[in-house]
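Computed over heavy atoms, backbone and side chain alike; hydrogens, waters and symmetry mates excluded. First the proteins, then the strands, lettered A, B, ... as listed; each starts at 1.
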2 protein chains.
Amino acid sequence: MESFFLHNANLLLENPEIAASLQEVAIPMTFKKGEIMHHSNTICKHFYLLLDGVARVFYYRDGKDVTVHIAQEQESITAIDSFIQRKKSKYSIEAMENIECIAISRNDIEELSAKSHQFEHFGRLFLEKIYIDLAERLDSLLLHTSHERYEDLLQKKPELFQRVPAKHLASFLGMTPETFSRIRGK
Amino acid sequence: MESFFLHNANLLLENPEIAASLQEVAIPMTFKKGEIMHHSNTICKHFYLLLDGVARVFYYRDGKDVTVHIAQEQESITAIDSFIQRKKSKYSIEAMENIECIAISRNDIEELSAKSHQFEHFGRLFLEKIYIDLAERLDSLLLHTSHERYEDLLQKKPELFQRVPAKHLASFLGMTPETFSRIRGK
DNA sequence: CGCCGAGTTGAACTGAATCAAGAAACGTGG
DNA sequence: CCACGTTTCTTGATTCAGTTCAACTCGGCG
């Protein structure tokens, strides 16, 4: 397993033409720690590439706050359901540190895709990548124990354990804070 | 939740130009019940659109046969990991009834995508769709009990309960055959 | 007929959730 | 910079859904 749904945006930025197109429409934005970058039940109009800081996507599952995605620098984050389906999202996005990022609007992405075959192509590649990530995440949740998922994340993204509150890592890994704490305490 | 990962291929066929392009490269194929349409540990070169019959994608998770996708008529099936990443797949595909289908090779899809912006566009839409399906499947497994997942599938795809052996439905729903049987017996 | 895989049923087990309560960390205002 | 209240984390006891293991039944097919 590679990224555990932490999308690396390099795919988009490493191609000069794509990067240049994105430059033109990118809007630099900042968010303060704790700020909600996107509110659930609204349409998410932006796709964010983080330059600094950590953010998470979460929603309320049976009244409980569940984190489904965490992104750091060089990674992307959006309310994917809304972004794809152009309907109100069940997800919110929260800045967990002060964030510097660039935002690209859904409309601009559509326009660039319509205009440029190559851009459309990279859009497809990006979706292929996050699809595989998601399939791996699903496998991990079904196949591995809480212990194994904890160790896996610890190995792949140790920084997160310093930067993100334990309760959010716990729900991201599909376990309760109590279980997370017990595993941490060996 | 809509499709529980049962991709409907109408997206591809309802557009006349796309359908016509696909016609040109589509290879009609048949498989007998029980036949393996794709062997794991080989590269899956085809994407199948089923015209008649039921097939499943499965792999061995800790030595156990786990079904991860089931497709009927008008739906598509492939070893998605291999198809996207062009590497050996961990999945196999098995015909659970005699199958009539058309096969489209990965190469042809790539060529059509390179040649036709519109085709590329539909490729992207298709991926968006299966991404949302997969996200819903993940949610379902985390949020709902075995009971609820059973009822959900029963309501959405009652035909499958006649056509597919219980043990495969069980693993598809993320439970043991015993649990499946107990739920079925009310 | 007799076999064999599939399905059912029962009993014991278990990983993780839940409930509860105390300790530590945080941040906000004085 | 400290005090206080709130949130987060830890630790323990209990519960539960679902797995595992095992035995038995059924139905199709040689």
Side-chain angles (χ1 to χ4, degrees), chain A residues 31-36 53-54 56 58 60-68 70 92 94-98 137-154 158 160-186, chain B residues 32-36 54 56 58 60-67 70 94-98 137-154 158 160-186:
Chain A
F31 296 93
K32 295 212 186 79
K33 179 174 178 172
E35 202 173 337
I36 298 299
V54 185
R56 71 186 182 107
F58 69 99
Y60 291 94
R61 181 188 286 160
D62 277 355
K64 277 168 294 185
D65 175 327
V66 176
T67 297
V68 296
I70 300 172
S92 297
E94 179 195 358
M96 290 195 287
E97 297 176 353
N98 290 332
R137 181 157 155 71
L138 180 65
D139 255 26
S140 169
L141 284 164
L142 293 179
L143 174 58
H144 298 294
T145 63
S146 296
H147 245 271
E148 290 166 330
R149 298 195 309 268
Y150 178 98
E151 290 298 338
D152 198 49
L153 186 63
L154 183 59
L160 291 184
F161 288 71
Q162 315 308 320
R163 305 177 77 177
V164 176
K167 62 175 180 171
H168 295 143
L169 291 179
S171 76
F172 180 62
L173 290 173
M175 64 185 78
T176 60
E178 292 94 328
T179 298
F180 186 90
S181 171
R182 279 184 246 273
I183 291 170
R184 166 190 270 170
K186 287 289 166 290
Chain B
K32 294 215 185 77
K33 180 175 179 171
E35 201 172 337
I36 298 299
V54 185
R56 71 185 182 106
F58 69 100
Y60 291 94
R61 181 187 287 160
D62 277 353
K64 278 169 294 185
D65 175 327
V66 176
T67 296
I70 300 172
E94 179 196 357
M96 290 194 288
E97 299 174 354
N98 290 333
R137 181 157 156 71
L138 180 65
D139 256 26
S140 169
L141 284 164
L142 293 180
L143 175 58
H144 298 293
T145 62
S146 297
H147 250 270
E148 291 167 329
R149 298 195 310 266
Y150 178 97
E151 290 298 338
D152 198 50
L153 186 63
L154 184 57
L160 291 184
F161 289 71
Q162 314 308 321
R163 304 178 78 177
V164 177
K167 61 177 178 169
H168 295 143
L169 292 178
S171 76
F172 179 62
L173 290 172
M175 64 185 79
T176 60
E178 292 94 330
T179 297
F180 186 91
S181 170
R182 280 184 246 272
I183 292 171
R184 165 190 270 169
K186 290 289 167 288

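Here the side chains of L141(A) and L141(B) are not in contact, with every heavy-atom distance at 4.5 Å or above. Within the 4.5 Å cutoff, the side chain of L173(B) has no heavy atoms near those of the T179(B) side chain. A heavy-atom distance below 4.5 Å is not found between the side chains of L169(B) and Y150(B). Between R149(B) and S146(B) the shortest side-chain heavy-atom distance falls below 4.5 Å. The closest side-chain heavy-atom distance from E94(A) to T67(A) is not below 4.5 Å. Put simply, the side chain of E148(B) does not reach to within 4.5 Å of the side chain of L143(B), judged on heavy atoms.
A cation-pi contact links R137(B) to F172(B), judged by a cut-off of 6.0 Å to the six-membered ring centre and 45° from its axis.
Nucleic acid contact class of S146(B) (heavy atoms, under 4.0 Å, all strands): sugar-phosphate only. Among the heavy atoms of the strands lying under 4.0 Å from G174(B) are primed sugar atoms or P, OP1, OP2 only; no base atom is included.
At whole-Å resolution of the value, CG in L143(B) and P in dA17(D) are 16 Å apart. Atom CG in L173(B) sits about 18 Å away from atom P in dA17(D), given to the nearest Å. As a whole-Å value, the separation of L169(A) CG from dT8(D) C1' is 13 Å. Straight-line distance from the OH atom of Y150(B) to the P atom of dA17(D): 19 Å, rounded to whole Å.
Legend: residues meeting side-chain contact (heavy atoms from CB on, under 4.5 Å) with Y60(B), ordered by chain and number and at least two apart, are F58(B), D65(B).
Chain B approaches DNA chain C over the interval dA6(C) to dA11(C), counting the first and last nucleotide 5' to 3' with an atom under 4.0 Å from its heavy atoms.
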Using the 3.5 Å cut-off, write out each protein N or O paired with an N or O of nucleotides 9-12 of chain D and the distance between them.
from, atom 1, to, atom 2, distance (Å)
dC9(D), OP1, A166(A), N, 2.8
dC9(D), OP2, K167(A), N, 3.1
dT10(D), OP1, R184(A), NH1, 3.2
dT10(D), OP2, S181(A), OG, 2.9
dT10(D), OP2, R184(A), NH1, 3.2
dT10(D), O5', S181(A), OG, 3.1
dG12(D), N7, R182(A), NH1, 2.8
dG12(D), O6, R182(A), NH2, 3.2

